[in-house]
Asks: 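Structure incoming, see below.
Numbering of residues begins at 1 and proceeds along the displayed sequence.
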Amino acid sequence: MREARTTCPYCGVGCGVVASVEKNEIVDVQGDPQHPANFGRLCVKGSALHETLGHGGRLTRPIVDGVESDWDTALDAVASRLRKVRDAHGPEALAAYLSGQLLTEDYYIANKLFKGFLGTPHLDTNSRLCMASAVAAHKRAFGADAVPCCYEDLEEAELVVLVGSNLAWNHPVLYQRLKVAKQRNPLLRVVVIDPRVTDTCELADLYLGLKPGSDARLFTGLLAWMAARNKLDRVYLEAHTQGFEEALAAAREQDAGVEAIAADCDLDAERLETFFYWFASHLHVVTLFSQGVNQSSSGTDKGNAIINCHLAGGKIGLPGAGPFSITGQPNAMGGREVGGLANQLAAHMDYDTPGARDRVTRFWTTAGLVPCLPEGPGHKAVALFEAIERGEVQALWIMATNPAVSLPRTDRVRAALAKCPLVIVSDCMANVDLLAYADIVLPASSWSEKDGTVTNSERRISRQRGILPPPGEARHDWWALCEVAKRLGFGEAFGYTHPSEIFDEHARLSGFENGEGPGERRRLFDISGLAGLDRAAYDALEPIQWPVNAAAPHGTARLFTDGRFATPDGLARMVAVRSRPPTQALDAERPLRLNTGRIRDQWHTMTRTARSPRLMNHRAEPFIEVAPEDAAALGVEEQGLACLQGVGGRYVGRVRVSRGQRRGEVFVPMHWNGYFSGSALSGALIEAHVDPVSGQPESKHGAVALAPLAVEWEATLLVADDLGVAESRWCDRSRYWARIPLGAAQRWQLAGGESASVNGRIESARGEMAHGEMAHGEMESASPEWLSWLEATLPVPPTLWCTDPASGRLRAAGVDEAGRLRWWFMSGPPRELPNLAWLAERFGEAASGESMAAEHRRRLLAGCDDGAANQGPVVCSCHQVGQRAILGAIREGDDSVEALGARLACGTQCGSCIPELKSLIEEEKAHALAEPIEDPAVA
C-alpha cells in the first residue's frame with residue numbers, strides 16, 4: 001500500500017488529503033496533518049471521497065451527435081465546427097462556460113484559447129454564481145481581487161462575525177477550527193447574522209436573525225453608529241483611505257438610529273446595539289461572509305458595506321482582523337487568477353487597466369502567432385445564456401459544470417441550450433442533465449486522476465495530484481483544449497506536454513512587467529517566485545499563499561499589513577452604499593420569500609457525492625423547510641409532500657417544519673437535479689435578476705407560493721443496479737419521485753394520484769409463495785393492482801408478498817432463481833420503512849453473486865432480521881447513526897454530546913453532526929419539561 005498527498009475537491013477550505021492506494025484503488029482517505037488548511041481534519045464529504053470513485057456511471061468515450069466515437073474524430077469535429085461558426089458569425093458567436101471545479105492549469109488553457117486565440121470575450125465561469133460580488137467589492141475597495149485574511153485570523157480574533165454563512169455545513173473544517181479557538185480562548189466572541197437558525201448558531205454568543213436582504217442596512221447602520229459614538233480610527237482613515245465622508249453621508253441618508261435600523265432589519269434593537277458595541281470596541285475583528293451576502297442584486301454593495309466598517313475602524317491588515325470572503329468551490333480563486341471571469345484577463349489583469357491587454361498579447365505571442373484578445377469584457381453568466389437564447393452566441397463549450405440545473409430560470413436556460421447550434425460538453429459523469437443538450441461530449445478526468453493546482457479561500461495554492469489513471473478514454477481538460485487548439489492552427493502556442501509547463505507559464509505571466517507601467521502599482525497577484533519549477537519540484541510543491549515573489553519567497557499570510565493597497569495612490573476606497581431591497585418582490589400570487597443553499601453532506605448537483613450511499617442518508621430527498629406557523633396556515637405537514645411555485649417552474653419536496661425558519665420564508669437545497677428527482681430544481685424558482693456591478697444572480701431572494709401536493713398513494717421501490725429496468729416505467733406514473741443510491745441498488749420514493757386502488761378498499765388475493773414459503777407470518781392477502789403493476793414493470797416477478805389487512809399496505813419482493821434479491825417494494829409513506837441498511841446488505845450480496853441465506857429470506861418482507869424499524873434520518877454520516885437511536889439514548893439519560901458519543905460513536909469523527917446532536921438534546925429536554933406531571937393521588 002502506498003500513500004499519496006492531494007487536495008479535497010469540494011469546498012473552498014482546500015483541505016489536504018492523504019489517500020491510501022492499494023492495487024490501483026484508493027481504499028481510504030484521511031486528512032493531511034501537514035496541510036495548513038486543515039491539519040488533519042476532514043468533514044464527512046472529504047472522508048467519503050474514496051466511496052465516490054469507481055468506473056460505473058463515468059463517461060469513458062467521446063460522443064459525437066449521439067454516437068460513441070474516438071478522440072481524433074471528436075476533436076476534429078470540435079475544431080471544424082468552432083471554425084465554421086467563427087468564420088460565419090465572427091468570434092463573438094463563440095463562448096465557453098467554465099467551473100471552479102477545474103484545476104488552475106485547465107482554466108489557464110481555456111482562457112488562453114478562447115480569449116487569446118479565438119478572440120471571443122465570452123468566457124465566464126460558475127464562480128459568477130457565488131463569488132462575483134465579493135470580487136467586485138474587493139476591486140472597488142482594494143484595487144484588486146485580494147482576500148486580506150488567512151485562516152489563522154479566525155483563531156487570532158477577539159470577535160468573529162459570520163454573515164450569510166452556514167459555516168458548520170458549508171465549510172465544516174473551518175467551523176471546527178473556530179470551535180477549537182473558542183474553547184482555547186473563552187474571551188473570543190462569535191456573532192451569527194443569518195435569516196435562518198442554522199447549525200452554525202450553536203457556536204454563537206449572539207444571533208441576529210435579520211430580514212433577508214437587509215444586510216447592507218445593518219452595516220451602513222454600523223458605520224453611522226461608529227461615527228456617532230467616536231469609535232472610528234481617524235488616524236487610519238486619514239492615512240490609508242479615501243471616500244469616507246461620502247460613505248458616511250450615504251449611511252446617514254436613512255434614519256441612523258438603532259431603533260430604525262432594527263425595525264428595517266426586523267431585529268431586536270438591544271441585540272443589534274450589542275453587536276454594534278462589540279464590533280466597535282474590538283480591534284481584532286474578522287467578518288467572514290459568504291453566499292448570503294453575495295447572492296443578491298446588491299451583493300457588491302453589501303460586501304463594500306462590510307469592508308467600509310473594517311476600514312473605518314482600522315480592523316484590517318492585523319492578525320485576527322479583516323473582511324474575509326469565504327469561497328464556495330475548491331478552485332474559485334484559481335479561476336479568478338487566470339481570468340476565468342468574463343470581465344478579466346489573465347494574471348489578475350482586466351480590460352480597464354491601461355496597457356493590460358497589450359501586455360498579455362505580447363506575452364502570449366509565440367513563433368509568429370499573435371493573439372487577438374478582445375477589446376472589452378464579454379457576457380457574464382446570466383447574460384451569456386440570454387445571448388444564446390437570442391441567437392447571438394452560436395457555439396458554447398461547457399466544462400465541469402451543469403448550467404441546466406444551477407442557473408436561475410432553468411426553463412429558459414434549457415430552452416437556450418436546446419436551440420444553440422453547437423453545444424460541447426466536457427464532463428466526467430454520465431448522469432448529468434446537460435448531456436441531453438450536447439452535440440459533442442468529451443469524457444474528462446476527475447478527482448484522483450487530475451494533476452495540477454488549486455487555490456483556496458486564503459490564497460493558498462495546493463497541489464492536486466493525479467493518483468489513478470482515468471477510466472477508459474477519459475482525458476484531462478487541458479489536453480483536450482490543446483488538441484483542439486492545434487487543429488485550429490494554434491499549435492505553437494499550445495505545445496504543452498505536462499501541467500507543470502502550464503503552471504510555469506502562468507507564474508511567469510503573473511510577474512511579467514508587474515508594476516512597470518506608467519503610474520501602475522505592482523499587481524498583488526504575483527507568483528513569479530514559483531516560476532521555473534521542473535516537474536519534480538512542481539510535484540513536490542508544498543501549500544503556499546500568494547504573493548510569492550522575490551520579496552516574499554515563502555508566501556504571504558495576510559495582505560495590507562503596511563496599509564498600502566493596490567490602487568494607484570495606495571489608498572483604499574470606501575464606497576458610498578445605499579441599502580435597497582431584493583429585486584424579486586413578493587406579491588399575492590407568490591407571497592413567500594425563498595432562500596436556497598447547500599446542505600451538509602452533498603455537493604453542487606450531486607453527481608459525485610450521491611455515489612456514496614452514506615452521504616445520501618442525512619437528507620435523502622429534496623425538501624422544503626418552513627416555519628411551524630406557515631405550515632399550519634398552508635396545510636402542509638412534517639414529512640408530507642408539498643409544492644413550491646415560482647416564476648419559472650415548480651419544486652416538489654418533503655416538508656421539514658423548522659423553528660429556525662422565519663415566518664413568511666422557506667428554504668430549499670440547490671443540489672437535486674433531473675437525475676435524482678422529477679421536480680426539484682431550485683433554479684426554476686429564481687428570477688434572473690443580477691447585481692448591476694458583478695452580474696451575480698439574486699439566488700437568495702426568490703418569491704414563491706407553497707401548497708400541499710395532493711397524492712393518493714406513496715410507495716418505496718428498491719431495484720438492483722444491474723436489473724436493467726427503464727425507470728420511466730415508474731417515474732412517468734408518479735406525481736413525485738426521488739432516486740436515492742443505496743450501494744448496489746437504487747431506492748425510489750414514489751407518490752401519485754392515478755391509482756384508485758390505494759385509497760379504496762384493497763381486495764385480497766391469495767398467492768402461492770415460491771419454494772412453498774409463506775410471507776410474513778399469517779398475512780397472505782395482497783393488492784392485485786400493485787402486484788399486477790410490479791409484474792408488468794419488473795423482469796423478475798413478485799416472489800414474496802403480503803398485505804396488512806388493516807391498512808392495505810403491500811410489501812413485496814422479487815428473488816430470482818439463483819436466490820438473489822432483485823427488488824423490494826412497500827406501499828405507504830417512507831416513515832413506515834424498516835431499516836434499509838439491512839436490505840442494502842442483501843442487494844450487496846446479490847451483486848456479488850451470493851444467494852440469500854434462508855433466515856434472511858424469511859425476514860425479507862420485514863426488511864430486517866430483528867424487526868427493527870427505520871432509524872430515521874441519519875444524523876452522523878461518519879458512523880451512520882440515525883435520529884431515532886439518538887433520541888432513544890437521550891431519553892435513557894445520555895443527555896450530552898460526550899455521552900452520546902460514548903454510546904453510539906456519533907460526533908466522534910469529523911464533528912459535523914455535533915450541532916444537530918446538541919439541538920436534539922435541547923429539543924428533548926424542552927419536550928420533557930413540557931409534559932404534564934401526573935399527580936399520583938389522582939392516578
Side-chain angles (χ1 to χ4, degrees), residues 431 599 601-602 606 609-610 613-625 636-644 650-656 668-669 671-682 708-721 723 725-755 758 783 786 789-790 793-794 807 809-814 823-840 843 861 863 869-874 882-884:
N431 60 349
I599 60 175
D601 292 3
Q602 294 301 329
M606 297 167 55
T609 44
R614 68 177 167 126
L615 295 182
M616 293 296 298
N617 290 333
H618 183 238
R619 298 286 187 268
E621 297 177 70
F623 62 89
I624 303 165
E625 199 169 273
V636 299
E637 299 179 349
E638 174 72 20
Q639 291 304 304
L641 291 169
C643 177
L644 290 172
R650 67 177 198 152
Y651 179 105
V652 178
R654 293 214 176 268
V655 173
R656 296 184 63 87
V668 299
H671 304 288
W672 271 263
N673 60 29
Y675 181 79
F676 292 103
S677 191
S679 299
L681 299 180
S682 63
L709 183 73
V711 295
E712 296 176 356
W713 56 265
E714 291 196 60
T716 302
L717 175 64
L718 277 57
V719 182
D721 283 339
L723 201 57
V725 186
E727 52 260 24
S728 60
R729 295 189 182 185
W730 48 83
C731 292
D732 291 348
R733 79 186 298 264
S734 304
R735 294 198 66 196
Y736 165 82
W737 61 266
R739 178 202 299 259
I740 306 160
L742 197 69
Q746 300 286 312
R747 168 186 165 192
W748 296 86
Q749 287 303 141
L750 309 170
E754 62 270 23
S755 172
V758 178
S783 160
W786 274 124
W789 178 80
L790 290 166
T793 301
L794 299 163
S807 66
R809 306 289 197 219
L810 171 73
R811 293 193 186 194
W823 57 266
W824 187 95
F825 174 85
M826 183 198 82
S827 64
R831 63 174 175 269
E832 299 178 6
L833 284 169
N835 190 345
L836 294 181
W838 185 87
L839 284 167
F843 280 105
L861 296 182
N870 180 12
Q871 289 300 300
V874 168
Q883 187 182 85
R884 291 184 184 178

Asks: Would you call W713 and S827 a side-chain contact if the rule is heavy atoms closer than 4.5 Å?
Replies: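 When only atoms from C-beta onward are counted, S827 and W713 do not touch, as no gap falls below 4.5 Å.
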Asks: For R729 versus L794, what's the shortest heavy-atom pair and its separation?
Replies: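 Heavy-atom minimum between the residues: NH1-N, 4.4 Å.
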Asks: Run the salt-bridge test on E637 and R831 with the 4.0 Å N-O cut-off and return the result as yes or no.
Replies: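 The answer is no: the pair does not qualify as a salt bridge.
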Asks: Tell me the closest heavy-atom pair linking E712 and G753, and the distance in Å.
Replies: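 Scanning both residues, the minimum pair turns out to be OE1-O, 2.7 Å.
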Asks: What is the ring orientation for F825 with W789, classed by angle as parallel under 30°, tilted 30 to 60°, or perpendicular over 60°?
Replies: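 Ring orientation of F825 relative to W789: tilted.
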Asks: With rounding to the nearest 0.5 Å, note down the distance linking CG in L709 to CZ in R735.
Replies: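 If I round to the nearest 0.5 Å, the distance is 4.5 Å.
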Asks: Check whether any side-chain heavy atom of Q749 sits under 4.5 Å from a side-chain heavy atom of R654, and report yes or no.
Replies: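 In contact.
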Asks: At their closest point, which heavy atom of R747 faces which heavy atom of A620, and how far apart are they?
Replies: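 Nearest pair, atom of R747 first, then A620: NH1-CB, 4.3 Å.
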Asks: State, to 0.1 Å, how close P829 and R809 come at their nearest heavy-atom pair, and which atoms those are.
Replies: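 For P829 and R809, the tightest heavy-atom pair comes out as CD-NH2, 3.6 Å.
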Asks: At their closest point, which heavy atom of V636 faces which heavy atom of A642, and how far apart are they?
Replies: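 Closest approach of V636 to A642: CG1-CB, 3.9 Å.
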Asks: Say you draw a straight line from OH of Y736 to SG of C643; how long is it, rounded to the nearest 0.5 Å?
Replies: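 If I round to the nearest 0.5 Å, the distance is 12.0 Å.
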Asks: Are side-chain heavy atoms of W823 and V725 found at a separation under 4.5 Å?
Replies: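 Answer no - side chains too far apart.
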Asks: Looking at L833, L718, L861, L810, which hits side-chain contact (heavy atoms from CB on, under 4.5 Å) with M826?
Replies: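 Of the listed residues L833, L718, L861, L810, the side-chain contact (heavy atoms from CB on, under 4.5 Å) partner of M826 is L833.
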Asks: Quick one: pull up CG in D721 and CZ in F843 and give me the separation to the nearest 0.5 Å.
Replies: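 Rounded to the nearest 0.5 Å, the CG-CZ separation comes out at 9.0 Å.
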Asks: With rounding to the nearest 0.5 Å, note down the distance linking CH2 in W730 to CG in L717.
Replies: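 That separation rounds to 5.5 Å.
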Asks: Do E621 and S677 make a side-chain contact, defined as non-hydrogen atoms from C-beta onward lying under 4.5 Å apart?
Replies: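 SC-SC contact between E621 and S677 ruled out.
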Asks: So, do F676 and Q602 sit near enough that their side-chain heavy atoms are less than 4.5 Å apart?
Replies: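 The answer is no, as the side chains (C-beta and beyond) never meet within the 4.5 Å cut-off.
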Asks: State the CZ-CG distance between R614 and L742, to the nearest 0.5 angstrom.
Replies: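 The distance works out to 14.5 Å.
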Asks: Considering all heavy atoms of both residues, which atom of G743 and which atom of P613 are nearest to each other, and what is their separation?
Replies: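 Looks like N-CG, 3.1 Å.
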Asks: Please round to the nearest 0.5 Å and tell me the distance separating atom CZ of R739 and atom CG of N673.
Replies: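 Interatomic distance, R739 CZ to N673 CG, rounded to 0.5 Å: 9.5 Å.
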